[in-house]
Amino acid sequence: MPRSRPRALSARLFVIGALGLWACAGHRPPPAGRQPAAPATADNLSADAASARDVVALFVAAEAAGNPAADTLLVPGADFLMTGVRVTTKPRLAGLNGPGQAAVDEANMGLAGNFAWVVVAYQFTGRTPDLAERARASFVLEKQRAGWRIRHVHSSMVARW
């Protein structure tokens, strides 16, 4: 039995109305107090990369000096591997054999959303020249409200020069 015109028209109007509501629901403004994320630009990415590298360099220097401020650069529960072994006590980086100074020589990195990875080579200078060491480390960082924080580190010694 064929449909009557009024029934067919009301069915079409219902479908059009439902599609209109669906389309509007997908384009709502963000809730009050929340702003949409800023689009990724070359400047944003460059600033994020520099910030992540800075956090790693600060951590390496603070850890070498035995400075407790190094812990403020970590995510709670951050994990450390030194030459393949889990480390839970300080120093948490390979090549740090007592209080001294360490500096990052080179750094390569990448960004993906709220995560960054930084691979560094660093040198440690102890109280005496025979305590000098070289090492490499891979850091995984997470961007949080307070900035970049270290989530995971894997470090290992490099043969003495």
Side-chain angles (χ1 to χ4, degrees), residues 22-161:
W22 176 77
C24 289
H27 298 287
R28 285 183 285 193
R34 283 188 62 196
Q35 296 299 319
T41 65
D43 290 340
N44 292 351
L45 294 175
S46 181
D48 273 350
S51 295
R53 278 193 304 270
D54 290 347
V55 166
V56 169
L58 287 170
F59 180 80
V60 169
E63 186 75 0
N67 186 339
D71 292 345
T72 65
L73 302 172
L74 303 173
V75 169
D79 57 34
F80 291 84
L81 296 174
M82 187 185 311
T83 316
V85 177
R86 183 171 158 77
V87 179
T88 57
T89 59
K90 295 181 183 185
R92 298 167 285 198
L93 295 176
L96 306 184
N97 48 26
Q101 297 178 334
V104 172
D105 290 336
E106 63 182 77
N108 296 305
M109 68 164 310
L111 294 169
N114 287 337
F115 287 91
W117 55 96
V118 182
V119 179
V120 299
Y122 59 93
Q123 289 190 31
F124 172 77
T125 307
R127 291 171 293 195
T128 61
D130 63 321
L131 295 176
E133 296 287 352
R134 290 185 312 160
R136 294 188 64 78
S138 300
F139 290 80
V140 176
L141 294 91
E142 182 179 355
K143 190 171 187 180
Q144 299 187 340
R145 286 183 181 164
W148 289 104
R149 294 296 179 258
I150 298 166
R151 178 166 289 289
H152 173 80
V153 182
H154 190 168
S155 61
S156 59
M157 302 274 289
V158 175
R160 286 182 167 237
W161 56 91

CA sep, side-chain torsions, deciding dist, call: Leu45, Leu111, side chain to side chain contact (heavy atoms under 4.5 Å, CB included): CA-CA 8 Å; Leu45 294 175; Leu111 294 169; 4.1 Å; yes
Straight-line distance of Met157 CE to Leu96 CG, nearest 0.5 Å: 9.0 Å
Quick one: OG on Ser156 to CZ on Arg136, what's the gap to the nearest 0.5 Å? 8.0 Å
Asp71 vs Arg92, test: salt bridge (Lys or Arg N to Asp or Glu O under 4.0 Å). Steps then yes/no. CA-CA 11 Å; Asp71 292 345; Arg92 298 167 285 198; 2.6 Å; yes
Measure the shortest side-chain to side-chain distance between [X] and [Y] over non-hydrogen atoms and say whether it is less than 4.5 angstrom.
| X | Y | result |
| --- | --- | --- |
| Leu131 | Thr125 | no |
| Tyr122 | Asp105 | no |
| Val120 | Glu106 | no |
| Phe80 | Glu63 | no |
| Met82 | Leu93 | no |
| Leu141 | Trp117 | no |
| Leu81 | Val87 | no |
| Leu74 | His152 | no |

Can you name the closest pair of heavy atoms from [X] and [Y] and give their distance?
| X | Y | result |
| --- | --- | --- |
| Phe124 | Gly98 | CZ-O, 3.1 Å |
| Ser51 | Trp148 | CB-CD1, 3.5 Å |
| Ala135 | Ala94 | CB-O, 3.5 Å |
| Ala70 | Phe59 | O-CD1, 3.5 Å |
| Val118 | Ala107 | CG1-CB, 4.2 Å |

Show your working on side chain to side chain contact (heavy atoms under 4.5 Å, CB included) between Val119 and Phe139 and close with a plain yes or no. CA-CA 6 Å; Val119 179; Phe139 290 80; over 6 Å; no
Looking at Asp54, Leu58, Val56, which one forms a side chain to side chain contact (heavy atoms under 4.5 Å, CB included) with Leu73? Leu58
Sole residue of Gln144, Glu142, Lys143 in side chain to side chain contact (heavy atoms under 4.5 Å, CB included) with Arg149: Gln144
Just do the side chain to side chain contact (heavy atoms under 4.5 Å, CB included) check on Asn97 and Glu133 with the steps written out, would you? CA-CA 9 Å; Asn97 48 26; Glu133 296 287 352; 3.7 Å; yes
